[in-house]
Structures are given as C-alpha cells and as structure tokens.
Amino acid sequence: MIGIIWRVCLVGLVALLAAVLTLPLSVATDRLKGAAPGIQWTQVQGTVWSGRISNVSFGRQMIGDVKLRLKPMSLLSGSLSYDVDLMGPVAAGTATVFGNSSTFGISQGEITARVEQMIGLNASVRQAGGIIRFRDMNLEMTRGLDCETASGRIWTEVLVNVGAEYGEDLPELDGEVSCEAGMLDVGLNGESASAVRVDIDARVGLREASRLDARIGGVSGELGQALSALGFTVSDGDFVYARELSQ
C-alpha cells in the first residue's frame, strides 16, 4: 500500500513539474514588467525551461536578445537559476541569472559592450569607439530594486581612442563594481605614460537617475579645450565633470 501511495505521489509530482516547466516564458516575463519598470522587449519565445527574449531595452537604450536555459538543480534550493547568453549590437556575453522570494541578480557575468552603441554617452566618445569589458560580474538586488551586493572588474580602452584623435596619450581604465546607497557603483581609474590621470565614478540605479562624475588631471592644450567644450570645468588644476543620466 505504501508503495502504491509513493508511486502516485511521485507521478503527481512529475506531472506538476512538467506542467510548470512547459509554461510559456511570457508568463514569467509579464511579471518582470511590473517589477522592473523601464525594461522592455518586443517578443518572448519558448517556455520557462528554455526560451528567448528579443530586442530587450532599458529606457531608450537598446541591449539585444537574451537566450535562457533553466538550471534544473536550482529548483531543489527553492529558487530559479538560468544560464544566459546575451547577443546584440550593443553587448554580448554570458552569465547566470537567479531569483528567489527576496532577491535576484547575476553571477559569473562575462560581458563586452560596444561604446558606439551607448546612447547615454557623449557623441564624441561614442564616435571614438571601443569596448567596455565586464569580468566575473556578480550582482544581487532586492525585489525593491536596491543593490545589495556587487563585485567584479571593468576595463575599457575608450579613452585611448579619444586621445588618439587629439594626439594625446590617454590611459586605459580599470576598476571594480560595488553597491552604494542601493545603487550599483562603478569606479574606474588609470594613468598614462605621460602622467594623465583619470578617475571616473558612475552610480547606476533602476528606480532613479544614474550619475556620472569624472576628474582628469595632467592635460592641457587642445585636449583641455576639447574637454571644456564637452562640459568639463577646471577645479584645482583638474578637469571635472558631473552629470545625471536619465533612463
């Protein structure tokens, strides 16, 4: 008798699991629209087991397509975890995304973004081109969209490209990510062989305007004039810039 009851329960559990895993992925993504305003997409294909979200954007910024594959073992811990491939003209890479009753986020993110496709940046910077590379990215956020924990490194050569247009030796930038007051904080810095120093701090949030602060020291001449034209002001001999970036 016990064996029969066990088999019935097992068959029922398998049937329930199969029903859940064959649910359209659109059922899950519809919830995300309400939880994370500003994130949009044009099409959702597949099931919660494996699917694709096309033409994902955040605000006015196009991101690309997202392909998801469920990690079945995550169900044993009461959470959902997916292997993700990001594909598009703006960014490409891989990560693991996860979510439970209180938090969600990404881990093991390896993503490369193309600067010329980022509409929030100055036109001159976008024209210079280059990439921003995110390595070993880990981010955990609350359901209220506050940044809880973050780690990882960021590298870019975009300033090297900008400097080349003015005949100046500008540095590559390297830095780390963390959380600050509920926002994702990105700190980048570098120094060139000609002693040009650059420090950049960007705070990114999903519920409020992001902010960019930059300080560049050791420049003069044509590059200094170009920085002034871009909106930099002089403070203690350095060129400084501050701007809020709307979504």
Side-chain angles (χ1 to χ4, degrees), residues 17 20-59 61-114 117-118 131-155 176-180 182-186 202-207 210 247:
L17 182 61
V20 170
L21 295 180
T22 54
L23 279 174
L25 182 60
S26 58
V27 173
T29 55
D30 284 345
R31 286 189 174 186
L32 180 60
K33 281 188 175 180
I39 298 179
Q40 300 291 329
W41 49 83
T42 61
Q43 187 178 27
V44 179
Q45 299 170 293
T47 68
V48 294
W49 180 272
S50 177
R52 185 186 187 105
I53 308 174
S54 301
N55 300 318
V56 178
S57 62
F58 178 60
Q61 177 65 64
M62 176 59 65
I63 298 174
D65 293 354
V66 178
K67 186 177 180 180
L68 304 100
R69 298 177 304 280
L70 179 67
K71 301 180 73 170
M73 294 301 293
S74 67
L75 298 174
L76 299 179
S77 62
S79 64
L80 285 177
S81 182
Y82 284 87
D83 287 324
V84 171
D85 294 317
L86 176 62
M87 304 158 286
V90 181
T94 62
T96 296
V97 301
F98 61 87
N100 53 44
S101 60
S102 59
T103 63
F104 67 96
I106 69 170
S107 63
Q108 301 174 332
E110 302 287 337
I111 300 170
T112 299
R114 296 174 59 190
Q117 299 291 337
M118 296 182 174
I131 64 172
I132 301 176
R133 181 172 293 130
F134 301 83
R135 296 169 292 168
D136 196 24
M137 291 290 297
N138 300 281
L139 170 65
E140 186 170 355
M141 304 186 70
T142 68
R143 291 294 178 181
L145 304 182
D146 289 324
C147 184
E148 281 274 290
T149 62
S151 63
R153 298 202 64 84
I154 301 180
W155 171 90
E176 299 180 342
V177 301
S178 60
C179 290
E180 182 70 27
M183 301 181 73
L184 179 66
D185 187 77
V186 180
R203 293 190 178 184
V204 183
L206 291 178
R207 294 186 303 173
S210 301
Q247 298 180 3

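- Taking 4.5 Å as the limit, every side-chain heavy atom of S151 sits out of range of all side-chain heavy atoms of D136.
- Minimum interatomic distance between G109 and A95 (heavy atoms only, all atoms of both residues): CA-CB, 3.8 Å.
- With sequence neighbours left out, the salt bridge (charged side-chain N to carboxylate O under 4.0 Å, His left out) criterion links R153 to D174, E176.
- In terms of the side-chain hydrogen bond (donor to acceptor under 3.5 Å, both in side chains) criterion, Q117 has no residue partners (sequence neighbours excluded).
- When side chains are defined from C-beta on, V177 counts as touching M137, because their heavy atoms get closer than 4.5 Å.
- For D146, the salt bridge (charged side-chain N to carboxylate O under 4.0 Å, His left out) partners are R207, not counting sequence neighbours.
- Looking at heavy atoms from C-beta onward, N138 lies out of side-chain contact with I106 at the 4.5 angstrom threshold.
- The salt bridge (charged side-chain N to carboxylate O under 4.0 Å, His left out) check on E148 picks up nothing, with sequence neighbours excluded.
- M118 pairs by the side-chain contact (heavy atoms from CB on, under 4.5 Å) definition with Q61, A113, L121, I132, not counting sequence neighbours.
- Proximity of S81 to T96: side-chain heavy atoms (C-beta onward) are separated by under 4.5 Å at one or more points.
- A distance of 6.0 Å separates CZ of F98 from OG of S107, quoted to the nearest 0.5 Å.
- Partners of E180 under the side-chain contact (heavy atoms from CB on, under 4.5 Å) rule, at least two apart in sequence or in another chain, are D185, R203.
- The shortest side-chain heavy-atom distance between F104 and L145 falls under the 4.5 Å cut-off.
- Closest approach of P89 and R114 over heavy atoms only: O-CD, 3.2 Å.
- Annotation: side-chain hydrogen bond (donor to acceptor under 3.5 Å, both in side chains) contacts of T103 (sequence neighbours excluded): N100, E140.
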Problem set entry | D83 and K71: CA distance, side-chain angles, deciding distance, side chain to side chain contact (heavy atoms under 4.5 Å, CB included) verdict | CA-CA 7 Å; D83 287 324; K71 301 180 73 170; 3.6 Å; yes
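- Heavy atoms only, all atoms of each residue included: W49 and Y82 are closest at O-CE2, 4.3 Å.
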Which pairs of donor and acceptor atoms, one on a side chain in residues 63-70, lie under 3.5 Å apart (sequence neighbours left out)?
from : atom 1 : to  : atom 2 : distance (Å)
D65  : OD1    : N55 : N      : 2.7
D65  : OD2    : R52 : NH2    : 3.3
R69  : NH1    : D85 : OD2    : 2.8

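- Under the side-chain contact (heavy atoms from CB on, under 4.5 Å) criterion, I111 pairs with L86, A91, F134, sequence neighbours left out.
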Exercise. Hey, mind stepping through T142 and S102 against side chain to side chain contact (heavy atoms under 4.5 Å, CB included) and telling me if it holds?
Worked result: CA-CA 6 Å; T142 68; S102 59; over 6 Å; no
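- For S178, there are no side-chain hydrogen bond (donor to acceptor under 3.5 Å, both in side chains) partners at least two apart in sequence or on another chain.
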